[in-house]
Amino acid sequence: MLLYFFITCFPFIFFLKSFTLKPLPPWATEMRLLSPWIWKDVSFFSISKLIKNSLSYLITIPSKMSLKSMSFTSKVDNFEEVEEGVMSVLDLPELVLECIIERLSPAGLCSMAGVCSSLRSRCISDHFWEKHMKKKWGRIIGPAAYREWQWHLALKRDSSHIKQGKPKGLMRILSIVRPSWWIKSKVDDSSKQSSLPDDSIMSWFLALETGRFWFPAQVYNRENGHVGFMLSCYDAELTYDPRTDTFQARYPPHGRRAVAIENSVPWERLRAPVDTSPHDLHISDCLNDLRPGDNIEIQWRRNKEFPYGWWYGVVGHLESCDGNENYCRCHYGDTVVLEFNQYTPGSRWRRTTINRKDHREEGNEADGFYGGIRKLSSEEEIFTWKRLWPSQILE
């Protein structure tokens, strides 16, 4: 056992000693809030197995070929000479090296990318960063966030015109169609330089991870669970705070109401936005399928100056139905009853009805306006809503 340990680990020590470390690039320091241990996700046994396989591969090399001729001097521009008999990690078979890199954490990839140009080209590849992006950010990053990232890149390229006070091209258009607070938030970091390709997944991941990029998402029970927003989900611009592992949310103005700010929003209260603008009516394509007991979300806004929020409810029975499943015919009628059971019986917010065949925005200035409907089929979505159920019935 000790002999096996020596055989598998001793060559790996030479691999590590063969590195000539360079100062990390500027973007690598952005990962200082992450774990600095490169190999924390790579177990000892997986490494020893990889090295053992690589040694088997190297043993098959013809004896006339010196290790010096196999050194990575031809691969790496900052390695001029390697002593004969010393091997580097770049001498590993491509598949083995890829397996090692694939097991690295985001912090490990950044650290490894600072070693040499050959490893850098591998470690900044979208192939390795895509899984990290999906694992950490996939639940709250949707198509809307990707579009905002593309806008952000376009703003960054054109930000020099802002400094000169002469917006041109895209910036002139954005100054018309986007509010000034939105534009400012997207170009706050335009002066920072990075050697990373702007359109790489790694660049996007670091912008999210360090809180430099505001992105659109939706927040459950906005403004710290304000009673007026219980069991709702509203659009907001968010930025991540790596120190607290929470978010800051910035809600758009409602009519004359100013922009609202909420701090310390946890991951559990966030989701990717429904791909419908909060100012547009959602197309309800589920009306013919609705029947009592179905879980739904419906758009609602106080008045037509406000953006829509999504509110949780269930499909109820008509007053003429006793609720007996064997005799219920509610799903055949044109009228659909929607119930919001977080409100006390008798409350004006408890029930409403819509027309199954001709549903558009319905309502008035007193009770608000009801918009499009989504039928919830995902158990995860339904569970999230029920987990956020208020501790007391609302008036």
Side-chain angles (χ1 to χ4, degrees), residues 25-31 33-34 106-107 109-110 113 123-163 167-219 234-242 245-252 259 265 267 270-280 307:
W27 47 263
T29 61
E30 295 176 345
M31 302 302 290
L33 296 173
L34 301 177
L109 284 173
C110 286
C123 291
I124 68 174
S125 169
D126 286 352
H127 169 71
F128 296 114
W129 284 92
E130 187 173 8
K131 70 170 186 177
H132 292 299
M133 176 66 79
K134 183 176 181 180
K135 180 179 179 181
K136 181 163 186 177
W137 297 96
R139 191 178 63 82
I140 64 175
I141 292 292
Y146 179 75
R147 289 193 294 269
E148 291 291 335
W149 177 245
Q150 297 304 309
W151 279 105
H152 170 72
L153 295 181
L155 286 168
K156 190 175 182 179
R157 288 191 293 266
D158 210 12
S159 62
S160 60
H161 298 302
I162 296 180
K163 296 179 181 179
K168 296 181 180 180
L170 178 62
M171 290 305 304
R172 178 173 294 177
I173 297 174
L174 289 176
S175 65
I176 299 174
V177 301
R178 295 279 190 172
S180 59
W181 61 266
W182 184 93
I183 294 178
K184 184 178 184 300
S185 70
K186 300 303 178 183
V187 298
D188 279 344
D189 63 334
S190 61
S191 62
K192 297 181 180 179
Q193 300 298 321
S194 173
S195 59
L196 279 176
D198 285 338
D199 58 352
S200 67
I201 296 180
M202 181 180 179
S203 181
W204 190 14
F205 185 95
L206 295 181
L208 289 167
E209 193 74 18
T210 56
R212 292 189 291 106
F213 175 59
W214 289 78
F215 63 94
Q218 291 181 335
V219 182
Y234 275 80
D235 286 77
E237 293 277 338
L238 291 114
T239 183
Y240 179 63
D241 184 351
D245 192 30
T246 60
F247 296 82
Q248 183 184 79
R250 182 170 56 197
Y251 303 99
V259 174
V265 181
W267 288 82
L270 302 179
R271 75 176 185 185
V274 175
D275 207 15
T276 300
S277 168
H279 300 282
D280 296 337

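Bear in mind the structure is a predicted one, so any value in this text is a computation, not a measurement.
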For this session: Indicate yes or no for a side-chain donor-acceptor contact from T239 to the backbone of Q248 under 3.5 Å, with no hydrogens or angles considered.
Result: no
Problem set entry | D126 versus M202, closest heavy-atom pair with distance | OD1-N, 4.4 Å
For this session: Evaluate the side chain to side chain contact (heavy atoms under 4.5 Å, CB included) criterion for residues I140 and F247: first the C-alpha distance (whole Å), next the side-chain angles of each, then the deciding distance (0.1 Å), finally the verdict.
Result: CA-CA 12 Å; I140 64 175; F247 296 82; 3.8 Å; yes
Exercise. Just by distance, with hydrogens left out, do Y240 and D245 show a side-chain donor and acceptor under 3.5 Å apart?
Worked result: yes
For this session: Mind telling me whether F213 and H152 have parallel, tilted or perpendicular rings, with 30° and 60° as the class edges?
Result: tilted
Problem set entry | Where V219 and Y251 come nearest, the two heavy atoms and their spacing | CG1-OH, 3.4 Å
For this session: Using the six-membered ring wherever Trp is involved, compare the ring planes of W137 and F215 and label them parallel, tilted or perpendicular (cut-offs 30° and 60°).
Result: perpendicular
For this session: Apply salt bridge (charged side-chain N to carboxylate O under 4.0 Å, His left out) to R139 and list each qualifying residue two or more places apart in sequence or on a separate chain.
Result: none
For this session: First locate atom CD of E130, then atom CH2 of W204, and finally report the distance between them rounded to the nearest 0.5 Å.
Result: 11.0 Å
Exercise. Is there a donor-acceptor pair under 3.5 Å between the side chain of W129 and the backbone N or O of C123?
Worked result: yes
Problem set entry | Contact summary for P216 and E237, nearest pair of heavy atoms | N-OE1, 4.2 Å
Exercise. Which heavy-atom pair separates R271 from A217 by the least distance, and what is that distance?
Worked result: O-CB, 3.5 Å
For this session: First locate atom CD of E209, then atom NZ of K136, and finally report the distance between them rounded to the nearest 0.5 Å.
Result: 3.5 Å
Problem set entry | Spacing of W214 atom CH2 and L208 atom CG [to the nearest 0.5 Å] | 13.0 Å
Exercise. What is the distance from atom CD1 of I201 to atom NZ of K134, rounded to the nearest 0.5 Å?
Worked result: 11.5 Å
Exercise. Judged by atom type as modelled, is there a donor-acceptor pair below 3.5 Å linking the side chain of D241 to the main-chain atoms of T246?
Worked result: no
Problem set entry | Heavy-atom side-chain contact between W149 and S203 under 4.5 Å | yes
